[in-house]
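Right, one structure below, let's go through it.
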Number of protein chains: 2
Amino acid sequence: MPIGLEVDDMKKLDEVVATRRQVKQGQMLFSNGDAFTSLYAIRTGFFKTCVANEDGREQVTGFQMAGEIIGLDGIVSDQHSCNAVALEDAEVCVMPFANVEELSREFPVLQRHVHKVMSREIVRENGMMMMLGNMRAEERLAAFLLNLVQRLHARGFSQSEMILRMTREEIGSYLGLKLETISRTFSKLSDDGIIEVKQRYVKILAPDELKKIFNPQSCQTVI
Amino acid sequence: MPIGLEVDDMKKLDEVVATRRQVKQGQMLFSNGDAFTSLYAIRTGFFKTCVANEDGREQVTGFQMAGEIIGLDGIVSDQHSCNAVALEDAEVCVMPFANVEELSREFPVLQRHVHKVMSREIVRENGMMMMLGNMRAEERLAAFLLNLVQRLHARGFSQSEMILRMTREEIGSYLGLKLETISRTFSKLSDDGIIEVKQRYVKILAPDELKKIFNPQSCQTVI
DNA sequence: AAAAGTCCTTGATATAAATCAAACGATTAG
DNA sequence: CTAATCGTTTGATTTATATCAAGGACTTTT
């Protein structure tokens, strides 16, 4: 993963990865309360992470795809504090955290990489707080779709089309909205000709319009 | 900070801290776009961190007090992505991140500590997402007050009384609510005899009632 | 001590999203 | 092939919070 490594270093790095693990759709990779031993790098598949209240309310805290790391929540208390559920059949690299720490001490470039991964997650969550605290439904969904398609595009998929791996309810939970609101907002964006939606299939017809909804300033024409 | 160190180790650890820095009330320790060089350990005083939208909307992402670390947001892109503002005169230890990384490689206990600090922040933000996505105004304010007084108590202050360092507007921004809603919710809790409020002074009269609002399940009596 | 500036409270009204409800479409099971 | 289930859409209504507005309290300045 981290660039700037010599070939010899790369071999050493393989030591981080102990094993691989298959996770079937609907299964949990780990759940709240599980002992923390490892981080997981997603090889294939798609996950959601979520936290649950004592009274049953659930909040999806993220959707993760190939190349992304999950399990960082477990470090602080040696226990996981969220659930990681596969939304499609998946395979992960199990990276025992003891190995990660040991090799981090040996390879500054790996150490730096681990720190960046954690910092990126903190910054992402700052952005989520902004979204949940300040944005309207349409802005949240626009931001969500733009983020998702951008990440998929970075993995070689289309920059305009995608198949959603999650339900309207899961999108709603992530965005702090109810599933009906997600459905209505999809319909609104579709009526406006900005996206095309058919169930899980979404095509972005007018990316600039979508960006304008997400962030009105960034697309303003100079008067 | 981290325990489990020999005395010799402690001396080494002092090397992490290059200098101290005073920050007057209202001043910024760092702001969005600043080059990232250091983490900051708060010695005295009280900070808020916030992110701002292009169109001016502001989201307070956290309130930090003595002993807490700020600046983690800067690691991922070598630039800070939020503002850190002192809400009262403050002093911080400047810890150049290069030193932190170098000594982390030498001292596993420090490495582990750094990882836990970052993981703790991720878990905190997960909790904030739950709050912003799922909770009603009264629940959010109850959770906020309980968290604040608990952290103050851990620093030797009262477990029932506190002086708020932030305005209603800043609390509202943090909790995804408007200042009027914060004010009304304070009044409601006060009318119910659960807290006593006089401007920035807050006294928790019925901590169990407050916990019940935050989490109805945890205080249920068995029928 | 008066004036000015913040910050806070409270009331009246508006509104975005939630809730309740029903029907529809797609997929799976029998 | 039909029934059942799950996820989705859409409509009608409610509700929590936002917005708008005014006055009050405290703090700082002069």
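Naming convention: chains lettered A, B, ... in sequence-line order (proteins, then strands); numbering from 1 in each chain. What you see is a predicted model, and the numbers here were worked out from it, not measured in a lab.
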Subject >> Base versus backbone protein contacts along nucleotides 18-30 of chain D [heavy-atom cut-off under 4.0 Å; B, S, -] >> reply: SBB-----S----

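Salt-bridge formation is not detected for the pair A:Lys24/A:Glu91: no Lys NZ or Arg NE/NH1/NH2 atom is positioned less than 4.0 Å from an Asp or Glu carboxylate oxygen. Ion pairing of A:Lys116 with B:Asp78 is present here, as a side-chain N (NZ or NE/NH1/NH2) and a carboxylate O approach within less than 4.0 Å. Electrostatic pairing of A:Asp192 and A:Lys188 counts as a salt bridge here, judged by a charged N lying under 4.0 Å from a carboxylate O. The residues A:Glu139 and B:Arg57 are annotated as salt-bridged, a charged nitrogen and a carboxylate oxygen being separated by less than 4.0 angstrom. One finds a salt bridge joining B:Arg151 and B:Glu68 here, because a Lys/Arg side-chain nitrogen approaches an Asp/Glu carboxylate oxygen to under 4.0 Å.
Mapping A:Ala137 and B:Met166 onto DNA chain C by nearest heavy atom places B:Met166 closer to the 5' end of the strand.
Using a 4.0 Å heavy-atom criterion, one finds that A:Arg200 contacts the sugar-phosphate atoms exclusively. Residue contacts for B:Thr167: at a heavy-atom cut-off of 4.0 Å it reaches the sugar-phosphate backbone alone, with no base atom in range.
Counting to the nearest Å, the P atom of D:dT8 and the CD1 atom of A:Ile163 are 13 Å from each other. The CZ-P distance, from A:Phe186 to D:dG7, rounds to 16 Å in whole Å. Look at CD on A:Gln25: it is 13 Å from C1' on D:dC6, rounded to the nearest Å.
In summary, the side chains of A:Asp89 and A:Gln25 do not present any donor paired with an acceptor at a separation below 3.5 Å, with no hydrogens or angles considered.
The structure places NZ of A:Lys48 at 11.0 Å from CD of A:Gln64, a figure rounded to the nearest 0.5 Å. Distance CE/A:Met129 to CE/B:Met131: 8.0 Å, rounded to 0.5 Å.
For residues 127-135 of chain A, proximity to DNA chain D is found at no residue, defined as any non-hydrogen atom under 4.0 angstrom from a strand atom.
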Subject >> Trace of the salt bridge (Lys or Arg N to Asp or Glu O under 4.0 Å) decision for B:Glu170 with B:Arg165 >> reply: CA-CA 10 Å; B:Glu170 286 162 337; B:Arg165 251 64 237 209; over 6 Å; no

What pairs of donor and acceptor atoms, side-chain ones from residues 175-187 of chain B against any protein atom, are under 3.5 angstrom apart with sequence neighbours left out?
{"residue": "B:Thr185", "atom": "OG1", "partner": "B:Thr181", "partner atom": "O", "Å": "2.6"}
{"residue": "B:Ser187", "atom": "OG", "partner": "B:Ser183", "partner atom": "O", "Å": "3.1"}

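Residue B:Glu161 places its CD atom among more than 12 non-hydrogen atoms of other residues, nucleotides or ligands, all under 6.0 Å distant.
Taking five base pairs at each end of the helix from C:dA1-D:dT30 to C:dG30-D:dC1, the local helix axes there meet at an angle of 40°, rounded to 10°.
Applying the ring pair (Phe, Tyr, Trp, His ring centres under 6.0 Å) definition to pairs two or more places apart or across chains, those involving residues 68-100 of chain A are A:Phe30-A:His80, A:Phe36-A:His80, A:Phe36-A:Phe97, A:Phe97-B:His115.
Once you apply a 4.0 Å limit to the heavy atoms of chain A, the touched nucleotides of DNA chain C run 5' to 3' over C:dA17 to C:dC20.
Aromatic rings of A:Tyr174 and A:Phe63 (six-membered ring for Trp) have centroids within the 6.0 Å cut-off, being under it.
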